[in-house]
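FYI, the numbering just counts along the sequence from 1.
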Amino acid sequence: MATTREAWGSRIGLILAAAGNAIGIGNLLRFPAQAAQNGGGAFIIPYLVSLLLFGLPLMWVAWAVGRYGGRFGHSSLPGMFDAIWKKPASKYLGVLGLAIPVVFCLYYTYIESWCLAYAYFSLTAGYTNAPGYTVDLSVFLREYLGDATSSSYFSGVMPALGFLIIVVLLNVWILSQGIMKGIERLAKIAIPLLLIFCVALAVRVLTLGKMEGTALDGLAYLWTPDFSALTNPQVWIAAAGQIFFTLGVGFGALECFASYVRSKQDIALTSLTTASTNEFVEIIFGSMIAIPAAAIFFGPGQIEAIAGSGTFSIGMVSMPEILRSTPGLPFFGTIWFLLLFFAAFTSSVAIAQPVMAFLQDEAKLSRGVSATILGLVWILGSLPVIFFYKYGVLDEFDFWAGTIGLVALAIVEVVLFSWVLGTSKGWEELHDGALIRVPRLFMFILKYITPLGLIAIFLAWALQANLSPTPKINWNVVDRHLYPGKFVTGGSSSVQAIEDEIRRAVQASDRDLKAWAGVRLGHDGTITVTNYAADPSLERALTAEKVQRWLELMGLRYEEKNRQGNVEKKDVAITIAIEALDRSPYIWLARIIIIGFFAAFTAMIAVVWKKRKNDPEEFA
């Protein structure tokens, strides 16, 4: 029985929704870190080359494939690929467009929930210092995620679980409202707010004046070109990776959005406008907030270390440190994390929509039932990410779904578009009702350069896969909140030999191993282990003497500021909790979950297409 397909309420709503899919946390945190680490201003050269060879071509392919599939009533890739390539295997290639979005959402919404949680912590001053109570923001984040051996600020991951459930329910509620009343309405609210928050924070950073440095120091560090970096292949791979992450290609979300666009409505200029909006936010606002703020507060000499500390550390450690140390934390801290939250929220609902569309269009389930099923799978599937975060489950999901999977899907789609559907027919679909003409040069790029380049990127990333997970070593100062100063490390790389012994002990015992050490840190740099207790399997590899040597090589020391504001080393007695984690069972669990989603969607596709064959009227 035929049903009326959903449609966008307005062209601006479509553009904002598609921009919401593209604009994410990576625009504001990952891009400046990548630029700072890969040649500064010179990074823009491989970045723009990647945009022209991969980003824009894949955007146009996604929109053309999506609308072409929509003509046949399909809003997810199994149906679209089946419409393009009339072969039994074609629909099963589309399983990439269902399993990858689900796995991605399982961990991405967890990151999204951190942003909402930190917005709350900012509003309530939850991570500011108080008399007799110090908040070490690095430990604060790790304890919130259950990745620390201490419990100064959080005794478990239940707060993280609570915020995750809230975020998943918000996502499912938006999806349950449909395209126009759900995703489009969210985009019309969230994207303008996101841009307002960007402007407010950029103005705030640029008017902070000089502390340890200036905003210009940060901009200079970020954009001063190091052209020697262009000879490094890794810089070009990093640029291509950033384009993938930032434009949101390889998920099937843009195809799903385009499927609701009617014939004779423009998609060529719409997709270009979407990409331009994303690039504006990334290059302009991504450059003007985090790195300049770090230069002001920490000084130019610390920018490299901060940029290299990783996306999460920049957003959840460095920025909160800056925000709580300047006036207006409840306002500016809240809008910073709400900015990140809205960026992630609009992306997650977009990436989950293809799965909703599959359940509705192909499985013929109602919108409410589809949303309920998706919500249950979403929450249950996220539990391993939360409870086994410290074992690397989130990173494993990200590697296979957010890295390898994206490129694999992009390769399949561009080959189907260029070699099966044919670039001429695809070009005709792209320009049906188009307000601009895409240069014909891109036909050649799409047929030859983009597929070969994607295969090269896929192989480069696949070679990074570690199929034999290594044990992980965690340690923290117990009762960290009682020490007002800083614990600093920065010693020799010779710690590797001792840590390798710890890892071998874990591998030999096939379980987690723990130890506790009482340690006295002297103002003169001396380190003394005063007492020590450990799991017998660990104690054979890590004796008290080796713990002391390990900490010495690490360069552990304790510093406080005196009344004059000068940093001094201090004597302090502490207890250190050490945990050596056997990651293998949890990494293989993550891989089994990924394989399980692929198998489940493959089976669903088989059942749906069999029913369609037996009862064509119901699936008309």
Side-chain angles (χ1 to χ4, degrees), residues 24-26 29-30 33 99-118 138-149 154 156-168 171 241 244-245 248 250-251 309-317 337 340-341 343-345 347-348 351-352 377-406 461 464-474 512 579 581-598:
I25 296 173
L29 298 179
R30 193 177 189 275
I100 289 172
V102 166
V103 175
F104 181 85
C105 285
L106 296 185
Y107 72 86
Y108 191 73
T109 43
Y110 188 35
I111 299 170
E112 188 179 316
S113 73
W114 307 351
C115 302
L116 185 62
Y118 268 69
S138 178
V139 178
F140 185 88
L141 174 62
R142 291 180 60 199
E143 288 187 3
Y144 178 77
L145 300 176
D147 191 33
T149 60
F154 299 96
V157 296
M158 295 312 293
L161 176 60
F163 278 104
L164 174 79
I165 291 173
I166 292 171
V167 166
V168 171
N171 276 267
F244 265 94
F245 291 124
F251 288 112
S309 65
T311 299
F312 301 150
S313 183
I314 294 172
M316 305 290 173
V317 178
F337 287 109
L340 297 181
F341 171 71
F345 190 16
S347 296
S348 59
I351 291 168
V377 170
W378 205 329
I379 290 176
L380 293 175
S382 298
L383 295 181
V385 180
I386 298 174
F387 290 107
F388 306 137
Y389 174 86
K390 67 180 180 180
Y391 295 97
V393 169
L394 185 150
D395 292 334
E396 193 69 13
F397 279 177
D398 182 47
F399 179 76
W400 292 108
T403 302
I404 295 295
L406 295 187
W461 284 351
Q464 299 174 16
N466 180 12
L467 297 179
S468 300
T470 57
K472 175 183 173 183
I473 301 169
N474 276 347
D512 297 348
E579 193 172 45
L581 303 173
D582 180 19
R583 298 171 60 236
S584 292
Y586 306 97
I587 295 301
W588 283 106
L589 172 64
R591 293 170 184 172
I592 290 169
I593 291 172
I594 294 171
I595 293 170
F597 278 116
F598 273 89

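F245 CZ to T311 OG1: the interatomic distance, rounded to the nearest 0.5 Å, is 9.5 Å. A distance of 9.0 Å separates OG in S113 from CZ in F341, rounded to the nearest 0.5 Å. For the atom pair CH2 of W588 and CD of E396, the computed distance is 8.5 Å after rounding to the nearest 0.5 Å. Between the CD1 atom in I595 and the CH2 atom in W400 there is a gap of 9.0 Å [rounded to 0.5 Å]. Here the straight-line distance linking atom CH2 of W461 with atom CD of Q464 works out to 8.5 Å at 0.5 Å rounding. Note that the CD1 atom of I111 and the CG atom of L340 stand 11.5 Å from one another [nearest 0.5 Å].
No side-chain heavy atom of D395 sits under 4.5 Å from any side-chain heavy atom of F399. Residues D398 and Y107 form a side-chain contact, since some pair of their non-hydrogen atoms from C-beta on lies under 4.5 Å apart. Put simply, the side chain of I100 does not reach to within 4.5 Å of the side chain of I351, judged on heavy atoms. Between L380 and L383 there is a side-chain heavy-atom pair separated by less than 4.5 Å. For the pair M316 and F337, the minimum side-chain heavy-atom distance is below 4.5 Å. Residues F312 and V317 have side chains not in contact (no heavy-atom distance under 4.5 Å, counting atoms from C-beta outward).
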Verdict with reasoning, L145 to V157, per side chain to side chain contact (heavy atoms under 4.5 Å, CB included): CA-CA 6 Å; L145 300 176; V157 296; over 6 Å; no
Please step through side chain to side chain contact (heavy atoms under 4.5 Å, CB included) for the pair V393 and L589, ending with a clear verdict. CA-CA 8 Å; V393 169; L589 172 64; 5.8 Å; no
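Residues F397 and F104 place their aromatic rings such that the two centres sit no closer than 6.0 Å. Side-chain rings of Y118 and W114 stay apart, their centers remaining 6.0 Å or farther from each other.
Every ring pair (Phe, Tyr, Trp, His ring centres under 6.0 Å) that Y586 has, sequence neighbours left out, goes to F388, Y391. When the side chain to side chain contact (heavy atoms under 4.5 Å, CB included) test is applied to A344, the partners found at least two apart in sequence or on another chain are I25, Y108, E112.
Judged purely by distance below 3.5 Å, without hydrogens or angles, the side chains of S348 and N171 pair a donor atom with an acceptor atom.
Between K472 and D147 there is a salt bridge, with a side-chain nitrogen of the basic residue lying less than 4.0 Å from a carboxylate oxygen of the acidic one.
Annotation for A160 and Y110: closest pair CB-OH, 3.6 Å, computed over non-hydrogen atoms. In this structure, T109 and V167 approach most closely via the heavy-atom pair O-CG1, 3.9 Å. Looking at every heavy atom in both residues, S382 comes nearest to L106 through OG-O, 3.3 Å. Taking all atoms of both residues into account, the shortest heavy-atom contact from T470 to N466 is N-ND2, 4.3 Å. Across every non-hydrogen atom of A148 and E143, the tightest pair is CB-CG, 3.7 Å. The shortest non-hydrogen separation linking P469 to R583 is CB-NH1, 3.8 Å.
A distance-only check finds a donor-acceptor pair linking the side chain of D512 to the backbone of D582 [under 3.5 Å]. With hydrogens and angles ignored, the 3.5 Å screen pairs a side-chain donor or acceptor of W378 with a backbone N or O of C105. The closest donor-acceptor contact from the side chain of R142 to the backbone of K390 lies at 3.5 Å or more, if one exists at all.
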